[in-house]
Colleague: 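I am attaching a structure below and will ask some questions about it afterwards.
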Amino acid sequence: YRRGEIREGGLNAKSLFVHLRNHYFNSDHFKAVASNTQKEYARQLSRISGIVVRGKQFGFYPVEAIDVSLCRDLYNLMVKDSTIYTANSKSVLLSIVLNYGVGLELFHFNPMSKVKKLKHEPDTKVWTREEVERLLEVGYSDFETRNTTLLVHMCYEWAQRSKDIRLLTWDSFDWDEGVVTITQTKRGATVYLPLEEPLLALLKQQHEDWGFQEYVVPYTVPSGTVYKAMTLHQVSRQFKKVRFLADLSPD
């Protein structure tokens with residue numbers, strides 16, 4: 001119990017942050033998010049709990065001791081140990097738990113919300129439409145990189161995460177209605193997206209070539225007699241190859 005590994009029935013000002021964290025893990029709010037998101041929340045909150053602030057792990061501070069000053073010191077440590085972007089992301093996650101504590105009347109307000117955050121300047125650049133078209137032209141010209149290129153094309157047209165497209169299967173398509181159904185792993189939401197030209201023609205050709213197995217963009221080399229979805233490493237390797245051949249910026 002004192003290590004925060006067992007959930008207690010009720011919380012009070014003497015309860016530790018790990019107790020509040022675990023209480024949140026058993027809440028309806030936490031259970032409503034997708035399983036992958038739950039795992040990521042648990043992993044990051046465990047890291048936050050283990051950060052040593054003023055000589056003691058943050059997770060072992062009692063609720064009554066968690067104030068703006070302590071949260072400011074925690075934030076500064078997170079910035080020092082990682083990046084502004086990571087520190088801000090962890091601050092948002094910590095705020096979710098602290099706001100949960102506000103709902104339980106353990107805090108009058110969320111102390112992390114009063115900590116001034118540093119501004120994160122994105123390191124990435126947005127490609128122009130012409131650059132995207134050049135990538136597609138080069139990628140579709142080689143059978144080895146065609147599936148990765150189609151994956152990029154679908155992500156671009158539908159504004160979806162690559163993970164959800166990488167695992168997309170043919171049973172998600174309704175050719176008669178012209179709709180593809182995608183369940184987003186991060187939010188657990190189901191979206192219905194229209195199949196329109198020129199992507200529709202490319203997908204129909206892909207179905208003719210690869211419709212004998214379940215994945216829309218499988219790895220082109222089978223594992224034994226079975227085709228599998230591309231791994232993140234395989235997608236990354238082929239994407240870098242196409243980007244290089246298309247003479248596009250690594251950014």
Side-chain angles (χ1 to χ4, degrees), residues 33-40 85 89 122-251:
V33 302
S35 60
N36 287 341
T37 304
Q38 290 180 0
K39 293 177 182 177
E40 181 63 16
Y85 175 81
S89 297
D123 296 328
T124 56
K125 299 177 182 178
V126 178
W127 288 356
T128 65
R129 184 175 182 86
E130 289 72 22
E131 289 172 321
V132 174
E133 290 174 346
R134 188 158 74 247
L135 180 89
L136 300 182
E137 181 180 3
V138 171
Y140 279 135
S141 65
D142 186 341
F143 178 79
E144 181 184 348
T145 59
R146 190 180 81 173
N147 284 3
T148 297
T149 306
L150 181 58
L151 184 154
V152 173
H153 196 167
M154 287 186 283
C155 290
Y156 179 73
E157 290 289 345
W158 296 336
Q160 298 298 306
R161 293 180 175 84
S162 59
K163 179 178 181 180
D164 297 333
I165 301 301
R166 181 173 62 86
L167 302 176
L168 191 63
T169 53
W170 289 117
D171 57 8
S172 302
F173 287 78
D174 186 331
W175 301 108
D176 294 330
E177 295 294 329
V179 172
V180 60
T181 302
I182 297 176
T183 299
Q184 299 172 335
T185 52
K186 184 174 179 64
R187 299 192 303 123
T190 299
V191 295
Y192 305 92
L193 304 170
L195 298 173
E196 299 175 339
E197 299 293 357
L199 187 56
L200 176 58
L202 293 168
L203 285 166
K204 286 184 175 180
Q205 181 62 53
Q206 182 77 350
H207 188 256
E208 289 183 14
D209 296 338
W210 291 99
F212 61 88
Q213 52 78 61
E214 63 175 328
Y215 293 106
V216 178
V217 283
Y219 187 52
T220 54
V221 179
S223 176
T225 59
V226 178
Y227 285 90
K228 296 183 178 181
M230 286 187 285
T231 65
L232 292 174
H233 175 72
Q234 289 165 344
V235 172
S236 177
R237 185 182 70 240
Q238 292 189 3
F239 176 77
K240 289 178 181 178
K241 175 183 177 180
V242 177
R243 188 188 63 199
F244 174 79
L245 293 174
D247 193 26
L248 294 171
S249 169
D251 297 329

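Below, all heavy atoms of this structure are taken into account, side chains as well, without hydrogens, waters or symmetry copies.
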Colleague: Would you tell me whether E144 and Q238 have side-chain atoms, one donor and one acceptor, within less than 3.5 Å of each other?
Modeller: no
Colleague: So, for F239 and T148, which heavy atoms are closest and what is the spacing to 0.1 Å?
Modeller: N-CG2, 4.0 Å
Colleague: Looking at L193, L199, V152, L195, which hits side-chain contact (heavy atoms from CB on, under 4.5 Å) with E157?
Modeller: L199
Colleague: CZ of R161 to CD of Q184: how many Å apart, nearest 0.5 Å?
Modeller: 6.5 Å
Colleague: How long is the straight-line distance from CD of E197 back to CG of L203, given to the nearest 0.5 Å?
Modeller: 9.5 Å
Colleague: Checking the side chain of E196 only, and the main-chain atoms of P194 only, is there a donor and an acceptor separated by less than 3.5 Å?
Modeller: no
Colleague: Parallel, tilted or perpendicular: which one describes the rings of W170 and F173, with boundaries at 30° and 60°?
Modeller: tilted
Colleague: Closest approach of Q206 and P218, non-hydrogen atoms and distance?
Modeller: NE2-CD, 4.4 Å
Colleague: T220 and Y227: side-chain contact (heavy atoms from CB on, under 4.5 Å), yes or no, with the steps?
Modeller: CA-CA 7 Å; T220 54; Y227 285 90; 5.7 Å; no
Colleague: For D247 and R134, work out which heavy atoms get closest and say how close.
Modeller: O-NH2, 3.7 Å
Colleague: If you round to the nearest 0.5 Å, how far is CG of L168 from CD of E214?
Modeller: 11.0 Å
Colleague: How are the rings of W210 and F143 set to each other: parallel, tilted or perpendicular (split at 30° and 60°)?
Modeller: parallel
Colleague: Less than 3.5 Å apart, any donor N or O on the side chain of N36 or E40 sitting next to an acceptor on the other?
Modeller: no
Colleague: Report the distance from atom NE2 of H153 to atom OG1 of T149, rounding to the nearest 0.5 Å.
Modeller: 10.5 Å
Colleague: Examine distances only and state if a side-chain atom of R166 and a backbone atom of A229 form a donor-acceptor pair shorter than 3.5 Å.
Modeller: no
Colleague: Quick one: closest heavy-atom pair of F212 and D209, and the distance?
Modeller: CE2-O, 3.2 Å
Colleague: Kindly give the heavy-atom pair with the smallest separation between G139 and T145, and that separation in Å.
Modeller: O-OG1, 2.9 Å
Colleague: Output the distance between atom CG (L135) and atom CH2 (W127), rounded to the nearest 0.5 Å.
Modeller: 5.0 Å
Colleague: Mind checking whether Y140 and L202 have side chains closer than 4.5 Å, heavy atoms only?
Modeller: yes
Colleague: Whether the side chain of E131 engages the backbone of T128 through a donor-acceptor N/O pair (distance < 3.5 Å, no angle test) should be reported.
Modeller: yes
Colleague: What is the minimum heavy-atom distance between L151 and S162, and which atoms define it?
Modeller: CD2-CB, 4.1 Å
Colleague: Can you tell me how far the CG atom of L167 sits from the CD1 atom of I182, to the nearest 0.5 Å?
Modeller: 11.0 Å
Colleague: Taking side chain as C-beta onward, heavy atoms only, is M154 less than 4.5 Å from V180?
Modeller: no
Colleague: Just wondering, are more than 12 heavy atoms of other shown residues or ligands nearer than 6.0 Å to CD in E177?
Modeller: no
Colleague: Assess whether a salt bridge exists between K204 and E208, defined as any Lys/Arg side-chain N lying under 4.0 Å from an Asp/Glu carboxylate O.
Modeller: no
Colleague: A quick test of your reading: do over 12 heavy atoms of other residues, nucleotides or ligands sit less than 6.0 Å from CD of E137?
Modeller: no
